[in-house]
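Below is one structure, written out as structure tokens; the observations come after it.
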Protein chains: 2
Amino acid sequence: MKWDALEEEPCSLSRTVAVVGDRWTLLILRECFLRVRRFEAFQSSLQITRHLLSERLKKLVRLGILRRVPYCEAPKRYEYILTQKGLDLYPVIMAMVHWGDIHMGDERGRPLLHEHKNCGKLFNPVMVCSECGEVLHAKQVHVHAGPGRRGADAA
Amino acid sequence: MKWDALEEEPCSLSRTVAVVGDRWTLLILRECFLRVRRFEAFQSSLQITRHLLSERLKKLVRLGILRRVPYCEAPKRYEYILTQKGLDLYPVIMAMVHWGDIHMGDERGRPLLHEHKNCGKLFNPVMVCSECGEVLHAKQVHVHAGPGRRGADAA
DNA sequence: GGCTATCGTTCTGAAATAGAACTGTCAAAC
DNA sequence: GTTTGACAGTTCTATTTCAGAACGATAGCC
């Protein structure tokens, strides 16, 4: 399956995977949420090849997840900054971080701790139902075909 | 960077990416949450090559995300079923589905709708703070180095 | 001029993926 | 008792993608 084909599937997961479903893109987004913004900074902290970094940044800009903003006129230099669409990926990243904290940790403990400024406490991200506020579990969710469904695929 | 190296990074996101950071693995997990369990069923619904499917299933079993359970003695046949570790990936999948619903939709509407059996309503997944219950936004979170941090990388 | 910083592009070999065919086991049908 | 079909993989080759390193462009500073 090609990446472009994924984007056309009648499945929101496929479409999201088409955008962030490769390791470098996810790692680049992690850096974005850690306030990294410049080409050299991404490159040196990720050890990604410059070629791939350039390509991924272009893709993220094209998709409206990052904005390319000049911060220096001469020579022309740009920063890559998350758009609202990009900021909305926060739950995806945090869900992955949390799963890694729980299931892929080592004896030394968590690499990073997250503090919620609103309440001042260290927290875990929890996924809840928008309607009743209860914690979500796969077995309590029933899936229906929606209006955008056409073929056999789903999620 | 090699996949194995990713797993060793002092970063929970890297470690999670090492496991689910490729498109086929994510799509296979989607199918698992939709109750798909057998080799042929994965293959025909995903149009994945048999070779890759075989390899990915092995990897997921090795990592303890799926269990390979015999359902037929002669001939030996197996099903692939989510373990607790696998079920815990539900927030990751749902966060991606929700982002796709919001940002990658088309005019026809959502491909799938999710009903919460507990409250009986169609819902969206929402990520909240485990301590105060408020909705999480990237800008309200402050990141600290944790005990498992060593070098430059983080998330 | 020579040095450094920043942001890329270009090149070549190595690795992963796609696509199709093949293997093996067993049950049921003819 | 031979054929067909379902299931769960493995093997093979061509194509695509990625890694690693070098190269280019632009400008500021000494």
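A note on names: the letters A, B, ... follow the listed sequences, proteins ahead of strands, and every chain is numbered from 1.
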### Base-contact (B) and sugar-phosphate-only (S) positions in nucleotides 23-30 of chain D, heavy-atom cut-off under 4.0 Å, - elsewhere
---BSS--

Integer-rounded Å distance: [N] [atom2] and [X] [atom1]:
| X | N | atom1 | atom2 | answer |
| --- | --- | --- | --- | --- |
| E55(B) | dA8(D) | CD | P | 19 Å |
| D22(B) | dC18(D) | CG | C1' | 14 Å |
| L52(B) | dT10(D) | CG | C1' | 13 Å |
| I28(A) | dC18(D) | CD1 | C1' | 13 Å |
| R37(B) | dA8(D) | CZ | C1' | 17 Å |

### Query
Is a donor on one side and an acceptor on the other found under 3.5 Å between the side chain of W99(B) and the backbone of K85(A)?
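Between the backbone of K85(A) and the side chain of W99(B) there is a qualifying donor-acceptor contact (under 3.5 Å).
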
#### Entry: T83(A) side chain vs I65(A) backbone, donor-acceptor pair below 3.5 Å
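Confirmed, T83(A) side chain pairs with I65(A) backbone.
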
### Message
Here's a test of your reading of the structure: between W3(A) and K58(B), which maps to the more 5' nucleotide of DNA chain D?
### Response
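Here K58(B) is the residue nearer the 5' end.
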
### Message
Here's a test of your reading of the structure: between L57(B) and R23(A), which maps to the more 5' nucleotide of DNA chain D?
### Response
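Between the two, 5'-proximity favours L57(B).
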
### Query
Is it true that H144(A) and H142(A) have ring centroids separated by less than 6.0 Å?
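Close enough - the centres of the two rings lie under 6.0 Å apart.
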
### Query
Nearest of dC12(D), dA8(D), dA19(D) to any side-chain atom of Y71(B)?
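Looking only at heavy atoms from C-beta outward on Y71(B), the closest nucleotide is dA8(D).
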
### Query
For L53(A) and F39(A), which heavy atoms make the closest approach, and how far apart are they?
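Between these two residues, the closest heavy atoms are CD2-O, 3.4 Å.
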
### Task
Looking only at non-hydrogen atoms, find the nearest pair between W3(B) and D22(B) and report the distance.
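Answer, listing the atom of W3(B) first, then D22(B): CH2-CB, 4.2 Å.
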
### Query
Does R37(A) make a cation-pi contact with Y71(A), if we ask for NZ or CZ under 6.0 Å from the ring centre and within 45° of the axis?
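Verdict for Y71(A): no cation-pi partner in R37(A).
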
### Task
Please list, in 5' to 3' order, the outermost nucleotides of DNA chain C lying under 4.0 Å from any heavy atom of chain B.
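The contact span of chain B on DNA chain C goes from dT17(C) to dC26(C).
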
### Query
Do L60(A) and I102(B) belong together in a cluster built from hydrophobic side chains that touch within less than 4.5 Å?
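No, because L60(A) and I102(B) fall into different hydrophobic clusters, even though each may have its own neighbours under 4.5 Å.
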
### Same cluster (ILVMFWY, side-chain, under 4.5 Å), V141(B) and M127(B)
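The answer is yes; both residues are in one hydrophobic cluster.
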
### Query
Is any side-chain N or O of S54(B) closer than 4.0 Å to OP1 or OP2 of dT10(D)?
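Answer is yes, contact under 4.0 Å.
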
### Query
Hey, does the side chain of R56(A) come within less than 4.0 Å of dC18(D)'s phosphate (OP1/OP2), counting only N and O?
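Yes, such a contact exists.
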
### Sugar-phosphate, base or nothing in reach of F42(B), heavy atoms under 4.0 Å
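Here F42(B) touches no strand at all.
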
### Query
With nearest nucleotides of DNA chain C determined for H51(A) and E79(A) from heavy-atom distances, which residue corresponds to the more 5′ nucleotide?
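Whichever sits nearer the 5' end wins; that is E79(A).
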
### Task
Salt-bridge test for D101(B) and R15(A): reply yes if a basic N is under 4.0 Å from a carboxylate O, no otherwise.
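No salt bridge links D101(B) with R15(A).
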
